Student: 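First, the structure itself, so that you have it in front of you.
If you're wondering where the values come from, they're calculated on a predicted model, not measured in any experiment. Each chain gets a letter, A, B and so on, in the order the sequences are listed, and its residues count up from 1.
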Amino acid sequence: MNDFSEEDAFEAAVPLSQRAMAQRPTPYLDSLNPAQREAVETLHGPVLMLAGAGTGKTKALTTRIAHLLSTGTARPHEILAVTFTNKAAREMKERIGALMGEAVEGMPWLGTFHSVCAKLLRRHAELVGLKSNFTILDSDDQVRLMKQLIEAAGIDAKRWPPRMLSGIIDNWKNKAWTPDKVPDADHAVFDHQGVALYSAYQQRLRDLNAVDFGDILLHMVTIFQKHPDVLDQYQRWFRFILVDEYQDTNIAQYLWLRLLASKDKNICCVGDDDQSIYGWRGAEVGNILRFEADFPGAHVVRLEENYRSTPHILAAASGVIATNKGRLGKTLFTSREDGEKVRLIGHWDGEEESRWVGEEIEAMQRGTRCMMPMGLDRMAILVRASHQMRAFEDRFLSIGLPYRVIGGPRFYERMEIRDAMAYFRLAVSHDDDLAFERIVNTPKRGLGEKAVQTIQRTARENGVSLVEGARLVCQGKLLGGKGLKELSILVDALDRWRGQVIAESDTHVELAEMILDESGYTGFWQNDKTPEAPGRLENLKELVKALENFENLQGFLEHVSLIMENDTEEQGEKVSIMTLHAAKGLEFPAVFLPGWEDGLFPSQRSMDESGVKGLEEERRLAYVGITRAEEICTISFAANRRVYGQWQSQLPSRFIDELPEEHVEVLTPPGLYGGNYGAAGMSSATIAGTTQSNLHQKAHSADVYDSPGWKRLQSRSQDRGQAAKPRAQSITIDLEAVSAFTVGDRVFHQKFGYGELIGIEGDKLVIEFDKAGSKHVMARFIVAADQADDIPF
DNA sequence: CCTCATATACTTTTT
DNA sequence: GTATATGAGG
């Protein structure tokens, strides 16, 4: 290939690294610490940069690239730099630009694994039976295809859900297994049909000239493995390779990198094994652990000086992560000496937890909590699972606290956007069967399942695309009145739009608007009276606006599938709410980590599915969470939580036990008298292990005693001569309260619902609840079942 | 063919 | 509790 000859000559003639060094001054090196500097200046040979949280990883990485460029060691196009997110790629570009003073033209090969590989794959698509204009399917398309294949194979899609198959195949692809490489042990999955369906799926993708996300990597690995000449080109082309977040690479990515790097071995991988949190998605921590074996003589640099967090926060994070086995091991340190301890607080239930967090945020905002008022955008709530966000959203909505959810449903994954895109795709290419299927009956055209089947059959019989099939159906009048009319209107419209795409008679933005209009799609949402309809129309407007940044529809469609980003950065100071995963790479002065309860965090599912490995990944997630905090880190848990409609009592997370006591301050919930539960001297272990019932008491006093319902209950109990004295004399009362019940009684609890008393232990009643299972509950929370209806909770 | 009602299962995390 | 899938009725 001619592309390379020029570079090769250049390389041969000039010992670049020394000679070019003089070309530009290197002032940027001065702001680096010794470890960073070593990582930046070791330009040749394999380098593993172990960069703990907040140690200036991105700085080192971008400075390294700047150094490669300004010393003349490499030219921009000779550097392959891969990240996982578009955001990381963009940030790197910006920072390199800043370092180099705008002097560099963009780096063409700095991007995400997927965008770089897609670009390469388009050049060599024919080697895996594709055309270079292949489309990239998202998981939605993937699942729909899967469903068709499953049904075609005569398998009950109910018992064998397409989603599951899609997940299995994704995993195989992450391991770089083509259908023929799936090991025997995996053949039993999916009713022994998994591999056959995998083959069928791959064939179908090829027919559609499409790839899914996993394919982008998998095909590249296949090409490199089967075509040494192609590999050789790129080995010479990419003289320097840099990889961000190496701990998150899966096997396919690993193989791809190793193939590319095996010649010059100028590869620099940056990562932190302690922040590997994508194992469930196929990431292999092993890749980073194995680096030195893969690249003998590798230079290992540890970045351990943390510039982000206070010593207490660092120590707490270190304490938690220390429990994990098989780490490469780093010891974070900081020169800071100030700072608050990590704060720990328990609550009665999730509702109280969100209320407390809300109040705390407002206090910080006003400056009553800390010395200085803190802006809302400097605070974040990091949750384990997205459903935890709701409690906070509800609460913040009701108190009018501005918040922003990060990483919610992505813009390009929203239904209306995907529908609109399907129209665009069809306008550009009538061959896009998936797009056609998506929109035939959206908006409703009276074309139901039967009509679609007719179209599909016709298309298949004639060996044409669905659009052409539909045309034949219209011509042959194979369909009834209304459907037929609507279908021919649709086909005509598609023809017209495509004509305009080709003729370029309008700007693509105008065309897009016209398509949405004439298809009836805009009107469809205008007539929709559901509350989300206005938002969807708004999104469509945004989509059209986003089009303006592209040359034409084709260009837009090609880029969009890989740039799934939520660019709608609303203005204004808001608290951020996001998952721990979404928080990786971010930092905030104040961080709240709610829901630290066993089963929730660590997630039961992780532990069930992946055992110790899963638990360790959860622990790394905890580590990531804590290390997001710069100044104040607040961990909380609730004693009770509603999990899909059912109340469950929760145990504090085992990670709480792992927090080193001397770096933790246990808070007493507000509005409570001190009692024995004051913060002073109480260890995390105490909270975690033994004080749950105390928390019940405390929270109960705050929550329930003030409520009218409780007061009424109290007065009624008094009438009946039962326990109803002030709570300060709790033990006596509890024993009295217990005596009011007999085993076998039908009872009611405010949150657990109805149940049967099956035993009495001390001041607690053992109750088998109908819905919430068996629990030990203090007697004063319990009423006889026949009185339950009177309680106006 | 569409709309409405009921049943059901599902909840980690996502390039 | 929520979203989705199925069924009856219009």
Student: Name the closest nucleotide to the A:Arg605 side chain, picking from B:dC2, B:dT11, B:dT13.
Tutor: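 For A:Arg605, the side-chain atoms sit closest to B:dT11.
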
Student: Could you state the atom-to-atom distance from CG of A:Leu484 to P of B:dC1 in whole Å?
Tutor: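 Rounding to the nearest Å, CG of A:Leu484 and P of B:dC1 are 13 Å apart.
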
Student: If only side-chain N and O atoms of A:Thr579 are considered, is one of them under 4.0 Å from the OP1 or OP2 phosphate oxygen of B:dT14?
Tutor: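 For B:dT14, OP1/OP2 do have a side-chain N/O of A:Thr579 under 4.0 Å.
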
Student: Measure from the ring centre of A:Phe113 to the centre of the six-membered ring in the base of B:dT15, then say whether that distance is under 5.5 Å and the planes meet at under 30°.
Tutor: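 According to the criterion (under 5.5 Å, under 30°), no, A:Phe113 does not stack.
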
Student: Between C1' on B:dT14 and CD on A:Glu617, what's the gap in Å once rounded to a whole number?
Tutor: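 My rounded result for the distance is 13 Å.
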
Student: Which nucleotide wins on minimum distance to the side chain of A:Lys444, given the candidates B:dT14, B:dC2, B:dC1?
Tutor: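 So the nucleotide nearest the side chain must be B:dC2.
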
Student: Please write out each protein N/O paired with an N/O of nucleotides 2-6 of chain C under 3.5 Å, distance rounded to 0.1 Å.
Tutor:
{"unit_1": "C:dT2", "atom_1": "OP1", "unit_2": "A:Arg390", "atom_2": "NH2", "d": "3.4"}

Student: NA contact type, A:Glu245, heavy-atom cut-off 4.0 Å: base, sugar-phosphate, or nothing?
Tutor: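 No contact at all - A:Glu245 keeps every heavy atom at 4.0 Å or more from the nucleic acid.
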
Student: Looking at residues at least two apart in the chain, or sitting in another chain, which of them share a side chain to side chain contact (heavy atoms under 4.5 Å, CB included) with A:Arg642?
Tutor: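 Listed in chain order: A:Trp647.
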
Student: To the nearest Å, how far apart are A:Arg642 CZ and C:dG1 P?
Tutor: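 Interatomic distance, CZ of A:Arg642 to P of C:dG1: 6 Å.
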
Student: Classify the nucleic acid contact of A:Lys482 as base, sugar-phosphate or nothing, counting any heavy atom under 4.0 Å across all strands shown.
Tutor: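 A:Lys482: no heavy atom of the nucleic acid under 4.0 Å.
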
Student: Identify all side-chain donor-acceptor contacts of residues 480-487 of chain A below 3.5 Å with residues at least two apart in sequence or on another chain.
Tutor:
none

Student: Under the salt bridge (Lys or Arg N to Asp or Glu O under 4.0 Å) definition, can you give me all pairs with a residue in residues 267-282 of chain A, not counting sequence neighbours?
Tutor: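 Non-adjacent pairs meeting salt bridge (Lys or Arg N to Asp or Glu O under 4.0 Å): A:Asp272-A:Lys330, A:Asp273-A:Lys330, A:Asp274-A:Arg327, A:Asp274-A:Lys330.
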
Student: Of all the nucleotides listed (B:dT3, B:dT15, B:dT13), which has the minimum atom distance to the side chain of A:His114?
Tutor: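 Between B:dT3, B:dT15, B:dT13, the one nearest the side chain of A:His114 would be B:dT15.
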
Student: Just the rounded figure in Å: distance from C1' of B:dC2 to CZ of A:Arg445.
Tutor: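 It works out to 16 Å between those atoms.
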
Student: Do we see a donor-acceptor contact under 3.5 Å between the side chains of A:Thr249 and A:Asn287?
Tutor: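 Short answer, yes.
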
Student: Using 0.5 Å steps for rounding, measure from the NZ atom of A:Lys173 to the OH atom of A:Tyr201.
Tutor: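 If we round to the nearest 0.5 Å, A:Lys173:NZ and A:Tyr201:OH are 4.5 Å apart.
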
Student: A:Met164 CE to B:dC10 P: how many Å, rounded?
Tutor: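 To the nearest whole Å, that distance equals 11 Å.
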
Student: Where the side chain of A:Arg281 is defined as all heavy atoms beyond and including C-beta, which of B:dT14, B:dT3, B:dT11 is the nearest nucleotide?
Tutor: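 Looking only at side-chain atoms, A:Arg281 lies closest to B:dT14.
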
Student: From the list B:dC1, B:dT13, C:dG1, which nucleotide is the closest neighbour of the side chain of A:Tyr644?
Tutor: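 Within the option list, the nearest is C:dG1.
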
Student: Grab the CD-P distance between A:Glu618 and B:dT13 for me, whole Å please.
Tutor: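 That distance rounds to 11 Å.
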
Student: Measure the distance from CG on A:Leu447 to P on B:dC2 and round it to the nearest whole Å.
Tutor: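 Rounding to the nearest Å, CG of A:Leu447 and P of B:dC2 are 8 Å apart.
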
Student: Describe the nucleic acid contact of A:Ser606 in one word from base, sugar-phosphate, nothing, applying a heavy-atom distance below 4.0 Å.
Tutor: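 Base contact.
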
Student: I'd like to check the side chain to side chain contact (heavy atoms under 4.5 Å, CB included) partners of A:Gln526; sequence neighbours left out, ordered by chain and number.
Tutor: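 Counting only residues at least two positions away or on another chain, A:Gln526 forms a side chain to side chain contact (heavy atoms under 4.5 Å, CB included) with A:Thr522, A:Leu537.
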
Student: Between A:Trp177 and A:Asn174 (side chain of the first, backbone of the second, donor and acceptor by atom type, cut-off under 3.5 Å), is there such a pair?
Tutor: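 Absent.
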
Student: Would you indicate which nucleotide in B:dC10, B:dC2, B:dT13 comes nearest to any side-chain atom of A:Asn441?
Tutor: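 Of the options given, the side chain of A:Asn441 lies nearest B:dC2.
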
Student: Considering residues at least two apart in sequence or located in another chain, which fulfil the side chain to side chain contact (heavy atoms under 4.5 Å, CB included) criterion with A:Pro443?
Tutor: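 If we apply the side chain to side chain contact (heavy atoms under 4.5 Å, CB included) test to A:Pro443, skipping adjacent residues, the hits are A:Tyr423, A:Arg445, A:Tyr521, A:Phe524.
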
Student: On DNA chain B, does the nearest nucleotide to A:Thr85 precede the nearest nucleotide to A:Val452 from the 5' side, or the other way round? Give the residue.
Tutor: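 Nearer the 5' end of the strand: A:Val452.
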
Student: Take the protein atom CD of A:Gln388 and the nucleotide atom P of C:dG1, then report the distance between them rounded to whole Å.
Tutor: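 For the pair A:Gln388 CD and C:dG1 P, the rounded distance is 19 Å.
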
